[in-house]
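Input: a single structure, listed below in structure tokens.
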Amino acid sequence: MSSSETQGSDPAAQPGQDIMPNDEMSNATGFPIVTRTDFSETTFLLEVEHPQMARAARPGQFVIVMLDDHGERIPLTIADFDRDKGTVTLVIQAVGKSSREMQARCQVGQTLFGIAGPMGIPSEVSHAKKVICVGGGLGVAPIFPQARAFKEAGAYVIGVVGFRSASLVFWEEKFRSVCDEFIICTDDGTAGIKGLVTQGIETAITTHGDIDEVVAIGPPIMMRACAETTRPHGIKTMVSLNPIMVDGTGMCGGCRVRVDNKVKFACVDGPDFDGHAVDFDDLMARLQRYRPQEAAAMERYSESCKRLLVEEEVR
Amino acid sequence: MARKTIRSIPQERAPMPVLDAAERATNFDEVSLGFDEPNALVECERCLICPEPACVAGCPVEIDIPGFIQKMLKKDYHGAWDTLTDSTFLPAVCGRVCPQEDQCEGVCAVAVSGGLEPVAIGRLERWLGDKAVKEGWKKKSHIETNRFKVGIVGSGPASMACAADLAKAGCKVTVFEALHAPGGVLRYGIPEFRLPNSVVDAEIANLEALGVEIRCNTLVGRLFTVEQMLEEMGFDAVFVGTGAGTPKFMDIPGENLNGVLSANELLTRCNLMHAGDFPKFDTPLEVGRKIAVIGSGNTAMDAMRVSKRLGAEEVHCVYRRTEAECPARQEELHHAQEEGIEFHWLTAPVELLGDAKNNVRALRCLRMELGEPDDSGRRRPVPVPGSEFEFEADTVVYAIGTSPNPILGQTSNIQLNKWGYIDTDDELATSLAGVYAGGDIVTGAATVILAMGAGRRAAASIRRYLGIRDSMSVYEPEHSGFENTLFGIDMSEKNFVHLRQI
Ligand SMILES: Cc1cc2nc3c(=O)[nH]c(=O)nc-3n(C[C@H](O)[C@H](O)[C@H](O)COP(=O)(O)OP(=O)(O)OC[C@H]3O[C@@H](n4cnc5c(N)ncnc54)[C@H](O)[C@@H]3O)c2cc1C
Ligand SMILES: Cc1cc2nc3c(=O)[nH]c(=O)nc-3n(C[C@H](O)[C@H](O)[C@H](O)COP(=O)(O)OP(=O)(O)OC[C@H]3O[C@@H](n4cnc5c(N)ncnc54)[C@H](O)[C@@H]3O)c2cc1C
Ligand code: SF4
Ligand code: FES
């Protein structure tokens, strides 16, 4: 990596771009939250300071966040990273106990107990000339760095994102800045085209006969629909799987998924896989494993917070 | 003192209290309570102080066992502890988790030629280790710092031992751990009732007292690579001790059903994430009514005993060989049997069966019989034709072994062998200059003491690589006669005086 010839055993004496200043390493516990934006009642963005991670992060990777030492290890995709500012951005949808708690507690100026990563194999930014980047639900934010990477690699990028309604739309400008075409789909037709992201994909495939690749991130049901949309056209379709994880380092096997009839660990073999080979039924069934416990935790949490119950999950 | 004979020593092992089986199976309190002082001394009396002690050779790190026992008999406990810790860093841990019956105690003369139970070396070791923690004994090492920085990847026993040795040699040592708490398997794998977290915490605190910095939440390979550590981050040498933590599955139908999980997942949820305290801690863990654990090593025993404590009504062990081949520590097997775990030897699952909701409901198994010996010398289990039967279970736990963690292989040019473990030479050097490796990531899943020994060996190699000449090899007296000092320097400090080779 380093090209410096003068690099000896005492690099502190030679500051350089690649060399990590020591003070920067000193915040390995307690990671400050520098920005928070609420996009809707359930979706919010956190920008967390972690210069080392900002430098290492690549599109498609994720982190594991712990709110405190009693917390769960929550996997979240890196939705953006800013190497100059030294921050990574997470966009979180509050669906259950831990994510609601993050929503309630994570404010600017506070710190996260733990954030480990970047985890997973970075997405392969292929030499595709024309790609469709699809994001739905919790996948809208994570598709952004992929779209940007494809753009930077010189591809013609068509962005397709799905929301329930116009009021929930976020990052439109951000997407437009890296997409050659940008299609918004809403369930109720209040913005863009009325319908699911698959309709956006169909539209794009019909207008352009030469799509090389589709990348889709979102709830499993949406990713499966995307894969089924492209299968008849034989277009390579990559999806990013989000099974239940614990460590994210390949140690527990809780994240195992079935791809091409083989068992893979999403955290170390993925999270990106060929959407045409993924067994989505298996993924969806496995996501239900802890439903009763999650529901119980949520109920207890809601009661203790006297909060409104979470609105219907987007899955 | 007249030489002791097999007749003159106490014939029975000193008693060590254990919690009552029925009571302990419902909580996570430590099962073996350890000796008290009078009992420890009785047990010391049983040692014959052999002139050519077999136990020392039987110990992977060659602890001077008669040496420390003699000091204990003189009630010089601190001295005994010093002797012990010349060879091991984790006496409180090793005394609890070493498979002593295959090591020191397995070759003890009291058992081999005397036909009695061997000296309870492990329990004595534990007693001293615990005493040291309680009394706050530290090796007062005079550390003369040098300008070398060493990075250590992982924080299991291999890494801890390597870090300690290098810190004492004066290097600035930083340990990087992917999880949010250090200790490796000692933290996330071995449960509380066998190795209390407080013991691991104490060992970690000792490490920090030596000036070792521990950075959790740091996934090496992804946050930065091993190559970057050397080239950009200013580390002069790196030790890799990432363990063999990736659980194996069998690739039989039904493995992805809900209710099927690896022992690592079960143990991690329970030990690291405290799922036993759900909902106080947020991580859930479902324990079924009837649990089947496949495999019968230490990991399987731990998974079974944890399940029992989490409230499972029935816990069954399914193993394709016989009790004689069971790889777990004897004590664990006995404790598991006492706690009411049922063992089904010579039984191999061939399929997992699910219900309509995708939950596992049963295993389809075959009965086995022992055939010809295989490469490992163990008789190979072969299926009995037509012996298929269904075995009901609502949770199935896999504890059939592990494979190497793939992350370093994915992210660096370090050379791996064909099974994915890191390739090293006899000095534990890897294919990358300045990078050493040891523990389970080199040998495959083994033991705490072997990992620790490897960590120390790697530390010695790293010292040589960096040109740190330590007095251990330079000044060690050839003729004894100096009991405890050496040119006025305390022997326990012999590691820490060193010269820089120009
Ligand atoms: C690689 C990956 C990337 C992800 N990226 C994002 C993201 O960018 N933004 C976002 O909002 N969410 C993301 N998720 C999902 C997020 O991790 C879960 O929504 C979160 O863990 C739910 O926790 P909870 O306690 O709030 O909800 P719970 O009530 O515990 O669960 C709600 C649902 O979330 C799923 N879930 C629960 N625990 C986990 C877990 N440990 N790992 C994965 N899924 C779980 C289950 O299907 C469950 O039904 C990602 C998941 C993975 C695996
Ligand atoms: C359940 C169980 C019970 C056992 N019982 C016994 C017993 O009774 N007696 C006995 O002697 N042995 C026992 N063993 C075996 C023993 O624990 C291991 O042989 C020993 O811990 C290996 O030590 P290690 O240092 O090589 O690795 P580990 O203890 O596995 O530690 C490796 C550490 O490295 C970290 N890591 C991995 N990859 C990275 C990365 N890329 N970046 C940063 N950190 C990383 C891991 O998170 C982990 O903390 C048991 C093992 C298990 C699983
Ligand atoms: S470390 Fe293990 S093998 Fe060595 S003496 Fe102690 S118990 Fe025996
Ligand atoms: S999350 Fe534990 S192995 Fe992938």
Side-chain angles (χ1 to χ4, degrees), chain A residues 1-2 7 9-12 16 18-20 25 28-29 31 52-53 55-56 61 64 66-67 69-73 97-98 101 113-121 246-254 256-258 262-263 265 268-269 279 282 285-286 288-290 292-294 296-297 300, chain B residues 147-149 174 176 178-181 188 215-219 222-225 227-228 231-236 243 245-249 251 255-259 261-262 264-269 272-274 277-286 357-359 398 402 405-407 410 466:
Chain A
M1 273 253 160
S2 163
Q7 203 129 58
S9 49
D10 191 4
D18 276 337
I19 295 166
M20 186 173 34
M25 280 175 64
T29 51
F31 302 88
Q52 212 175 1
M53 194 180 303
R55 218 175 359 245
Q61 291 187 299
I64 289 210
M66 275 183 88
L67 209 46
D69 64 347
H70 280 47
E72 266 185 294
R73 293 172 63 89
K97 152 108 193 336
S98 301
E101 204 175 346
F113 170 74
I115 174 168
M119 290 170 166
I121 301 177
V246 183
D247 56 300
T249 65
M251 190 260 284
C252 74
R256 59 194 193 278
V257 291
R258 205 160 258 287
K262 285 198 229 18
V263 171
F265 288 7
V268 287
D269 299 325
D279 182 342
D282 185 82
R286 286 185 58 75
Q288 307 291 323
R289 307 170 57 186
Y290 292 107
Q293 288 91 341
E294 285 159 4
R300 238 176 272 112
Chain B
R147 63 191 191 89
F148 295 114
K149 274 174 70 180
T174 312
F176 298 102
L179 299 174
H180 59 274
Y188 75 74
R215 298 187 158 274
C216 293
N217 292 309
T218 309
L219 182 64
R222 294 284 171 212
L223 191 57
F224 45 79
T225 63
E227 281 90 340
Q228 278 175 308
E231 290 164 13
E232 296 169 20
M233 293 167 68
F235 289 106
D236 301 289
T246 300
K248 279 191 191 144
F249 288 87
D251 208 14
E255 261 169 12
N256 269 16
L257 290 167
N258 288 340
L261 70 167
S262 74
N264 270 8
E265 180 173 356
L266 179 97
L267 293 169
T268 304
R269 281 180 182 269
L272 182 71
M273 308 308 295
H274 306 280
D277 286 335
F278 183 83
K280 215 168 89 205
F281 286 75
D282 290 340
T283 303
L285 174 60
E286 84 289 27
K357 287 175 155 169
N358 212 45
N359 293 320
Y398 272 71
T402 50
N405 190 298
I407 294 173
Q410 287 171 348
L466 297 175

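Each chain gets a letter, A, B and so on, in the order its sequence line appears, and its residues count up from 1. Just so we're clear, the structure is a prediction, and the values are computed from it rather than from any experiment.
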Backbone of B:E232 reached by a side-chain donor or acceptor of B:E227 within 3.5 Å: no

Donor-acceptor side-chain pairing of B:N256 and A:R286 below 3.5 angstrom: no

Heavy-atom pairs under 4.5 Å with chain B, option from A:A56, A:P118, A:G248 with the top count: A:P118

Between A:M251, A:M119, A:K262, A:M66, the one whose heavy-atom pairs under 4.5 Å with chain B are most numerous: A:M251

Residue among B:T402, B:D251, B:N264, B:L257 with most heavy-atom pairs under 4.5 Å to chain A: B:N264

Mutual orientation of the aromatic rings belonging to B:F249 and B:Y398 [parallel < 30°, tilted 30-60°, perpendicular > 60°]: tilted

Contact class of A:I121 relative to chain B, heavy atoms under 4.5 angstrom: both

Portion of B:Y188 that has a non-hydrogen atom of chain A nearer than 4.5 angstrom: side chain

Per-residue contact mode, A:V263 against chain B (heavy atom under 4.5 angstrom): side chain

Reported CG-to-CZ distance for the pair A:D247 and B:R269, which is rounded to 0.5 angstrom: 10.0 Å

Part of B:I407 lying under 4.5 Å from any heavy atom of chain A: side chain

Aromatic contact, A:F113 with A:F31 (centres under 6.0 Å): no

Chain A contact via B:P247 - side chain, backbone, both or neither, heavy atoms under 4.5 Å: both

Polar side-chain atom of A:E101 near backbone of A:S98 as donor-acceptor pair, under 3.5 Å: no

